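Right, one structure below, let's go through it.
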There are 2 protein chains.
Amino acid sequence: MREIFKQEMQELATGLVTMADHVATAIEKADQSLRERDLQLAEEVIDADDRIDELERQIDDLGISLLARQQPVATDLRIVVSGLRLSATLERMGDLARHVAYVARGRYPEHALTGRMRDVVSEMGAQAVKVGQQVYELLKTHDLSLAAVVEAEDDVLDRLHRESFQVLLDEDESLTRQQVVDAVLLGRYLERFGDHGVSVARRISYLVTGDTANAVHVPMSQDQPGQTSERLG
Amino acid sequence: MREIFKQEMQELATGLVTMADHVATAIEKADQSLRERDLQLAEEVIDADDRIDELERQIDDLGISLLARQQPVATDLRIVVSGLRLSATLERMGDLARHVAYVARGRYPEHALTGRMRDVVSEMGAQAVKVGQQVYELLKTHDLSLAAVVEAEDDVLDRLHRESFQVLLDEDESLTRQQVVDAVLLGRYLERFGDHGVSVARRISYLVTGDTANAVHVPMSQDQPGQTSERLG
């Protein structure tokens with residue numbers, strides 16, 4: 001019984017790492033498909049999202065089965081409950097990568113964006129790719145210092161997101177309606193991707209330290225205060 | 001022990017109904033603040049979101065404490081795990097209502113939108129208000145037929161969302177940059193609000209029927225297929 005329990009707890013951890021690996025790949029390819037107008041890459045991201053959803057289902061089944069059969073307590077219970085939440089967050093990050101790929105595919109063979117707008121959104125994409133890699137590392141290592149870095153660096157995405165609104169609202173900036181629409185959506189997807197990265201970082205901190213003040217109450221899909229949509233967008 | 005258990009399970013259910021009540025009020029006021037340029041109402045929504053977050057924390061604490069101390073199995077386990085997920089979804093719906101209020105506040109004393117664009121987004125707002133009320137009813141009654149209605153009616157929000165993109169992309173439609181930005185964001189917030197309503201409906205169906213095919217694997221914050229952001233936006 002105890003052996004099976006340990007083995008299933010290990011499976012849960014491995015499942016999350018695999019999921020994060022898929023998410024990191026998805027955002028990387030989505031970003032590239034957008035920058036390089038690569039239709040095939042966009043299609044790959046869209047098709048691969050099913051696999052991420054499937055992994056979430058497996059992790060959920062395993063977690064709920066663990067709760068039902070093994071009735072874990074203390075740290076083990078914390079790990080299982082966090083696992084269920086992490087899988088939901090990773091699933092959502094996968095969706096957001098897919099959304100980026102949809103925009104790339106929808107505009108093909110054109111670039112979705114041009115000029116300054118493209119530059120800012122490309123910077124956001126690069127930062128999101130970094131978050132994807134960090135989240136993967138975090139789930140592998142449970143490294144608290146990396147968790148702190150992810151939290152702190154979310155400012156970069158927020159700053160770029162605000163910058164994207166400045167460009168959008170600059171009437172001298174020549175943009176088609178479609179470009180304005182795409183830029184708003186892409187900005188939102190990438191900013192949310194970063195928010196979810198912070199959510200993962202906080203949950204990992206909670207798992208490692210058990211410090212509830214820090215992480216137990218991270219809403220599933222937290223939003224940063226200081227609403228860009230109010231201030232600039 | 002058994003008495004306390006029953007009492008705490010009841011508290012969990014009541015907490016979710018209270019949360020849904022707050023969310024229904026939030027989207028109603030947010031919608032009205034936008035339609036009527038009502039600054040005070042917008043402020044109320046923004047301030048009241050803390051209470052929704054607080055309720056989520058309480059439900060989470062209770063759910064995790066129930067898992068740890070009472071080690072529920074079968075139906076009871078399903079109720080607790082679903083409760084944790086429902087609270088996360090409701091918290092997110094509250095955030096989206098707050099986002100709508102931010103836009104209303106940011107544009108005050110002007111209307112955020114005008115003309116056809118305002119009409120379509122107002123229709124979306126009215127539909128989201130309806131979803132908020134239905135979700136509240138659902139959590140109170142666990143009525144399967146209402147759950148089916150919420151799922152089916154999500155098409156209305158999706159159709160209106162597509163319509164909003166048609167207006168946005170019509171270059172004859174006179175819109176400032178700010179209006180385009182606001183309309184994209186509001187459309188996205190309201191569409192997501194509806195998606196989360198569907199997620200609640202599926203989880204309630206799962207709770208009532210135990211039919212996993214139907215509801216256990218609802219991603220935390222599911223997106224509808226047939227991406228509007230690709231097709232029109």
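Proteins get letters first, then strands, A, B, ... in listed order; numbering begins at 1 in each. Remember, it's a predicted structure, so these values are computed and weren't measured experimentally.
- Annotation: maximal heavy-atom pairing with chain B below 4.5 Å, among A/V81, A/L175, A/L67, A/L186, occurs at A/L175.
- Judged as a salt bridge (Lys or Arg N to Asp or Glu O under 4.0 Å), the pairs with a partner in residues 32-41 of chain B (not counting sequence neighbours) are, in order, B/D31-B/R35.
- The structure places CZ of A/R177 at 7.0 Å from CG of B/L168, a figure rounded to the nearest 0.5 Å.
- The environment of A/E171 atom CD is dense: over 12 non-hydrogen atoms of other residues, nucleotides or ligands sit within 6.0 angstrom.
- None of B/V181, B/D182, B/V180 except one satisfies the side-chain contact (heavy atoms from CB on, under 4.5 Å) rule with A/V184; the exception is B/V181.
- When every heavy atom of B/L185 is checked against every heavy atom of A/R188, the shortest pair comes out as CD2-CD, 4.2 Å.
- For the residue pair B/V73 and A/Q71, the shortest heavy atom distance occurs at CG1-NE2, 3.0 Å.
- With a 4.5 angstrom heavy-atom cutoff, B/L77 touches chain A only via side-chain atoms.
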